[in-house]
> 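Below are the structure tokens for one structure; questions will follow.
In what follows, every chain begins at residue 1, and chains take the letters A, B, ... in the order their sequences are listed. All values derive from a computational prediction rather than experimental measurement.
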Amino acid sequence: MKLSQMLFVTLRENPAEAEIPSHKLLLRAGYIRRIGSGIYAYLPFMWRVLQKVSQIVREEMNATGAQECLLPQLQPSELWKESGRWDTYTKAEGIMFALEDRQGRQLGLGPTHEEVITTIAKEMIQSYRQLPIHLYQIQTKFRDEIRPRFGLMRGREFIMKDGYSFHTSEESLKKTYQDMDQAYRNILTRCGLKFRAVEADSGAIGGSGSQEFMVLADAGEDEVLYTEDGKYAANVEKAISIPKKAKSSPFNSYEKRETPKCETIDKLCNFLGCSPSNIVKNVLYEAIFDNGKTVLILVSIRGDQDVNEVKLQNELTKLAHNYQAKALLTLTVPDETAQKKWASKALPLGYIAPDLADDYIEKQKDIEPQFLRFVDHTAVDLKDFVTGANETNYHILGANWGKECNLPKLMVDLRKAKAGDISAHDPNQKLKTARGIEVGHIFQLGTKYSEAMGATYTNEQGEEKPFVMGCYGIGVSRLAQSAVEQSYDKDGIIFPVAIAPYHAIVVVPNISDTEQMAVAEKLYNELNSQGIETLFDDRDERAGVKFKDSELIGIPFRITTGRSLKDGKVEVFKRATKESQDININEVVSIIKNWVETAIKS
RNA sequence: CGGGAUGUAGCGCAGCUUGGUAGCGCACUGCGUUUGGGACGCAGGUGUCGCAGGUUCGAAUCCUGUCAUCCCGACCA
């Protein structure tokens with residue numbers, strides 16, 4: 001492609017809308033253009049990158065025996081009502097774009113395709129003889145993200161590969177799950193990315209086992225905890241660890257003491273001269289379930305620990321049926337305005353105890369009249385602890401469970417693991433932390449959707465059984481941007497050869513020099529005919545502009561037909577290392593071909 | 001949704017406090033010089049000042065409302 005004929009516009013300044021390096025660079029280099037919040041146009045360079053990533057994904061998926069198809073984006077609400085996800089996905093903090101057609105039918109724009117695929121399986125797969133089967137598609141997804149961010153990283157419209165597998169047994173599912181684990185590792189390796197596979201929470205999609213693939217980058221939205229022996233890595237949401245031991249309490253007799261202006265753990269420790277691990281901290285949460293019921297929650301945890309809200313959500317989801325609900329809609333720490341809606345009197349904030357009286361909750365329809373009380377394991381073991389007195393400016397010291405304070409019945413793990421904790425698998429290993437971008441996620445769904453939607457097959461014994469399912473996603477557009485986030489320098493993008501929009505670029509410093517042009521044209525044609533995807537910068541620009549542009553857009557190899565022509569050579573420059581060398585004109589094509597092939601193979 | 005900010009030329013911004021001619025840099029067009037690291041000179045084009053209402057002789061500027069975008073939290077590939 002000749003640059004003079006391309007839509008090629010680069011920006012010298014950073015657009016104000018961009019925050020992280022990859023977003024700035026993709027905008028500046030003319031790969032993407034923002035059309036609306038979280039909505040981007042993929043310009044010609046970007047589209048080539050996305051097609052290359054898609055092709056790698058496709059090859060690795062096909063190699064496992066999965067079959068490609070294309071499912072509808074416009075999905076009838078009935079399917080989602082059958083699976084029970086219509087309300088959670090469209091109401092409150094839901095992420096599905098929902099619309100109504102002229103006949104008044106309700107439709108959603110597909111944020112994911114479990115419902116559609118399960119319907120197909122239900123209709124087309126009748127016998128165990130047809131199983132296992134794995135279908136996937138590469139397609140645009142729509143999600144009404146609460147806050148779109150970072151360009152393609154969190155868009156409202158994005159490209160994703162999603163695959164769904166159907167099995168007769170857990171063993172068969174596990175086999176495909178393992179195949180996907182390997183396929184995903186292959187994909188990310190071929191794309192030239194540094195990544196880590198981590199244990200994950202399966203979240204709203206549900207199911208048992210789940211693993212995320214994280215591209216490591218400081219701008220990542222997720223925190224990964226891992227051990228250096230390589231035996232453990234997990235998303236912080238899921239991570240487990242052994243907390244440090246609590247310090248022994250300096251308060252060996254019970255007393256209620258005045259503690260003015262000690263509404264935070266820090267201030268209280270300073271005032272009393274004790275360790276945060278001597279304190280039982282009580283955190284108030286407000287949960288809203290899908291039937292409109294509001295439940296107030298009190299979590300008691302050791303003062304030096306934090307609550308893992310994902311773990312709390314999972315506990316609440318388990319208890320939803322106690323409130324005649326199916327799903328949890330929101331979980332928040334109620335602010336002042338939220339408290340006013342249900343509090344019968346001012347709460348002793350900062351001085352709450354695990355046994356805060358239920359009469360703080362005003363009797364109202366749709367509000368559970370009692371606190372749901374959880375205690376984390378770290379708080380259960382404490383002796384002679386400090387906690388609130390349920391009275392502003394007073395704490396109790398030297399308290400013990402069963403004596404001055406009742407131990408909540410629900411004892412669960414709600415602790416957030418953190419860097420520095422001792423690993424659960426080996427006491428000699430400590431957890432370390434890294435930031436990552438989640439580009440892939442694989443789930444063992446089990447029978448959640450097939451049961452809900454009555455999708456069954458007949459087994460060898462002639463019995464009707466629900467399908468055992470798995471689902472596997474890769475954010476194609478997110479992956480492409482994460483490659484930039486992981487690989488750039490002050491001059492621009494450094495694309496891995498396998499997913500760069502072009503392999504090489506031929507630069508003519510001076511287009512009015514006929515020899516420079518002739519050699520460049522010849523090399524450009526030869527390279528392309530040898531399968532090296534090559535750009536030709538034949539624009540009427542100064543050499544400096546062309547060099548800067550080629551580095552900004554991140555083409556791996558650059559050939560300049562300039563001053564070395566007098567020796568029968570051209571200058572060849574490697575973007576990643578910035579090394580340059582002069583190579584004979586008649587050798588350059590085969591040398592570059594070799595470089596490209598070597599880079600793509602590894 | 002809660003907290004913070006911003007809307008002025010294609011992009012980045014100034015002007016607003018103290019109301020009166022809409023400005024700078026980059027980009028763009030033409031001519032000339034320059035020609036291997038985002039050149040220089042001269043000339044030129046470019047705006048519903050986010051939108052609506054109000055105050056005023058007069059509003060980018062003051063007031064009210066509204067919409068959009070971005071940043072910090074919950075959501076996710």
> So, OP1 or OP2 of B/G73: does either fall under 4.0 Å of a side-chain N or O from A/Arg149?
yes
> Calculate, to the nearest 0.5 Å, the distance between atoms CD1 and OH belonging to A/Ile559 and A/Tyr524 respectively.
12.0 Å
> If you measure from CG on A/Leu3 to NZ on A/Lys546, what distance do you get to the nearest 0.5 Å?
8.5 Å
> Looking at the side chain of A/Asp549, which of B/G38, B/C71, B/A77 is the nearest nucleotide?
B/G38
> Can you tell me which nucleotide in B/C13, B/C70, B/G36 comes closest to the side chain of A/Glu17?
B/C70
> What's the CD-P distance between A/Glu145 and B/A74, to the nearest Å?
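Roughly 13 Å, once rounded to whole Å.
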> Does the distance from a Lys or Arg side-chain N to an Asp or Glu carboxylate O, for A/Asp413 and A/Lys311, drop under 4.0 Å?
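The answer is yes: the pair qualifies as a salt bridge.
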> Between B/C76 and A/Arg478, counting only base atoms on the nucleotide and side-chain atoms on the residue, is there a donor-acceptor pair under 3.5 Å?
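Yes.
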> What's A/Gly440 touching, base or sugar-phosphate or nothing? Going by heavy atoms closer than 4.0 Å.
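If one applies the 4.0 Å heavy-atom cut-off, A/Gly440 turns out to touch the sugar-phosphate alone, with no base involved.
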> Under the criterion of centre distance below 5.5 Å and interplanar angle below 30°, is A/Phe158 classified as stacked on the base of B/A77?
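Yes, A/Phe158 stacks on the base of B/A77, since the ring centres sit under 5.5 Å apart and the planes are within 30°.
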> Base, sugar-phosphate or nothing for A/Arg539? Non-hydrogen atoms, less than 4.0 Å.
nothing
> Strictly by Watson-Crick or wobble contacts shorter than 3.5 Å, is anything paired with B/C40, and which nucleotide is it?
B/G32
> With distance as the sole criterion, do the side chain of A/Arg542 and the base of B/U34 form a donor-acceptor contact below 3.5 Å?
yes
> For A/Thr10, answer base if it contacts any base atom (sugar-phosphate contacts may also be present), sugar-phosphate if it contacts only those atoms, and nothing otherwise; contact means non-hydrogen atoms under 4.0 Å.
base
> Under 6.0 Å between the ring centres of A/Tyr40 and A/His23?
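Yes, they do, as the ring centres are separated by less than 6.0 Å.
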> Among B/A77, B/C1, B/C70, which nucleotide has an atom closest to any side-chain atom of A/Ile146?
B/C1
> Under the 6.0 Å and 45° cation-pi test, does A/Arg48 pair with A/Tyr502?
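Relative to the ring axis of A/Tyr502, which defines the angle, A/Arg48 lies inside both limits.
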> Whom does B/C1 pair with, Watson-Crick or G-U wobble, provided both distances fall under 3.5 Å?
B/G73
> Distance between the C1' atoms of B/C67 and B/U48, in whole angstroms?
16 Å
> For B/U64, which nucleotide in any strand shown is its Watson-Crick or wobble partner with both distances under 3.5 Å?
B/A52
> Syn or anti: how is B/U21 classified when any glycosidic angle within 90° of 0 counts as syn?
syn
> Tell me: CG of A/Asp491 to C1' of B/G38, nearest whole Å?
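After rounding, the reported distance stands at 11 Å.
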> Report yes if at least one side-chain N or O of A/Arg154 is closer than 4.0 Å to OP1 or OP2 of B/C75; otherwise report no.
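No.
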> May I ask which nucleotide in the shown strands pairs with B/G19, Watson-Crick or G-U wobble, both distances under 3.5 Å?
none
> When we call it a touch if two heavy atoms are under 4.0 Å apart, what does A/Gly155 touch: a base, just sugar-phosphate, or nothing?
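Base, at least one base atom sits under 4.0 Å.
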> Ignoring backbone atoms, establish whether A/Thr332 has a side-chain N or O less than 4.0 Å from OP1 or OP2 of B/C1.
no
> If you measure from the C1' atom in B/C71 to the same atom in B/U64, how many Å do you get, rounded?
27 Å
> With a 4.0 Å cut-off on N to O distance, would you call A/Arg558 and A/Asp537 a salt bridge?
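Salt bridge flag = no for A/Asp537 with A/Arg558.
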> For A/Arg435, is there an ion pair with A/Glu221 - N to carboxylate O distance below 4.0 angstrom?
no
> Could you tell me how far B/C62 sits from B/U18 if I compare only their P atoms? Round to whole Å.
9 Å
> Answer with base, sugar-phosphate or nothing: what part of the nucleic acid does A/Arg28 contact at a heavy-atom distance below 4.0 Å?
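The residue A/Arg28 makes base contact.
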> Please work out if A/Asp222 contacts a base, only the sugar-phosphate, or nothing of the nucleic acid, heavy-atom cut-off 4.0 Å.
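It contacts base atoms.
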> Can you measure A/Ile39 atom CD1 to B/A68 atom P for me and round it to whole angstrom units?
12 Å
> Let me know the distance between CD of A/Glu19 and C1' of B/G4, rounded to the nearest Å.
13 Å
> Using the C1' atom on both, measure B/G20 against B/G38 and round to a whole Å.
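Result for the C1' pair: 41 Å, nearest Å.
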> Which value, in whole Å, describes the distance between the P atoms of nucleotides B/G7 and B/G45?
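28 Å, rounded to whole Å.
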> Indicate, with a heavy-atom threshold strictly under 4.0 Å, whether A/Ile159 touches base, sugar-phosphate, or nothing.
nothing
> For nucleotides B/C42 and B/C63, find the distance between their C1' atoms and express it as a whole number of Å.
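47 Å, rounded to whole Å.
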> With P as the reference atom in both, quote the distance from B/G23 to B/U56 in angstrom, rounded to an integer.
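Each nucleotide's P atom is 29 Å from the other's.
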> Would you sort out whether A/Tyr42 and A/Arg33 count as a side chain to side chain contact (heavy atoms under 4.5 Å, CB included), showing the intermediate values?
CA-CA 7 Å; A/Tyr42 310 124; A/Arg33 197 93 188 166; over 6 Å; no
> What is the distance, rounded to the nearest whole Å, between atom CG of A/Leu328 and atom C1' of B/A74?
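One finds 11 Å between C1' of B/A74 and CG of A/Leu328, rounded.
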> Quote, to the nearest angstrom, the C1' distance that separates B/G47 from B/G3.
34 Å
> Select base, sugar-phosphate, or nothing to describe what A/Glu212 touches, counting heavy atoms under 4.0 Å on all strands.
nothing
> If I take atom CZ in residue A/Phe97 and atom C1' in nucleotide B/C76, what distance separates them, rounded to the nearest angstrom?
13 Å
> Tell me the interatomic distance from A/Lys546, atom NZ, to B/G38, atom C1', rounded to whole angstroms.
13 Å
> Among B/G12, B/A77, B/G37, find the nucleotide with the atom closest to the side chain of A/Pro15.
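Of B/G12, B/A77, B/G37, B/G12 is nearest to the side chain of A/Pro15.
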> Give a yes or no on whether a donor-acceptor pair under 3.5 Å exists between the nucleobase atoms of B/G3, that is its base, and the side chain of A/Arg147.
no
> Return the value, rounded to whole Å, for the distance between atom CD of A/Glu223 and atom C1' of B/A74.
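Checked: the CD to C1' distance equals 17 Å.
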> On a plain distance test, is the side chain of A/Glu541 in donor-acceptor contact with the base of B/G38 below 3.5 Å?
no
> From B/G36, B/A77, B/U69, pick the nucleotide closest to the side chain of A/Ser37?
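Looking only at side-chain atoms, A/Ser37 lies closest to B/U69.
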> For A/Arg34 and A/Val9, find the nucleotide of RNA chain B closest to each by heavy atoms; which residue's nucleotide sits nearer the 5' end?
A/Val9
> Can you tell me if A/Gln313 touches the phosphate of B/C75, counting only side-chain N or O atoms and a distance under 4.0 Å to OP1 or OP2?
yes
> Looking at A/Ile592, A/Thr560, A/Asp582, which one forms a side chain to side chain contact (heavy atoms under 4.5 Å, CB included) with A/Val572?
A/Ile592
> Considering just the side-chain nitrogens and oxygens of A/Arg12, establish if one lies under 4.0 Å of OP1 or OP2 belonging to B/C26.
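Looking at the OP1 and OP2 atoms of B/C26, neither is under 4.0 Å from any side-chain N or O of A/Arg12.
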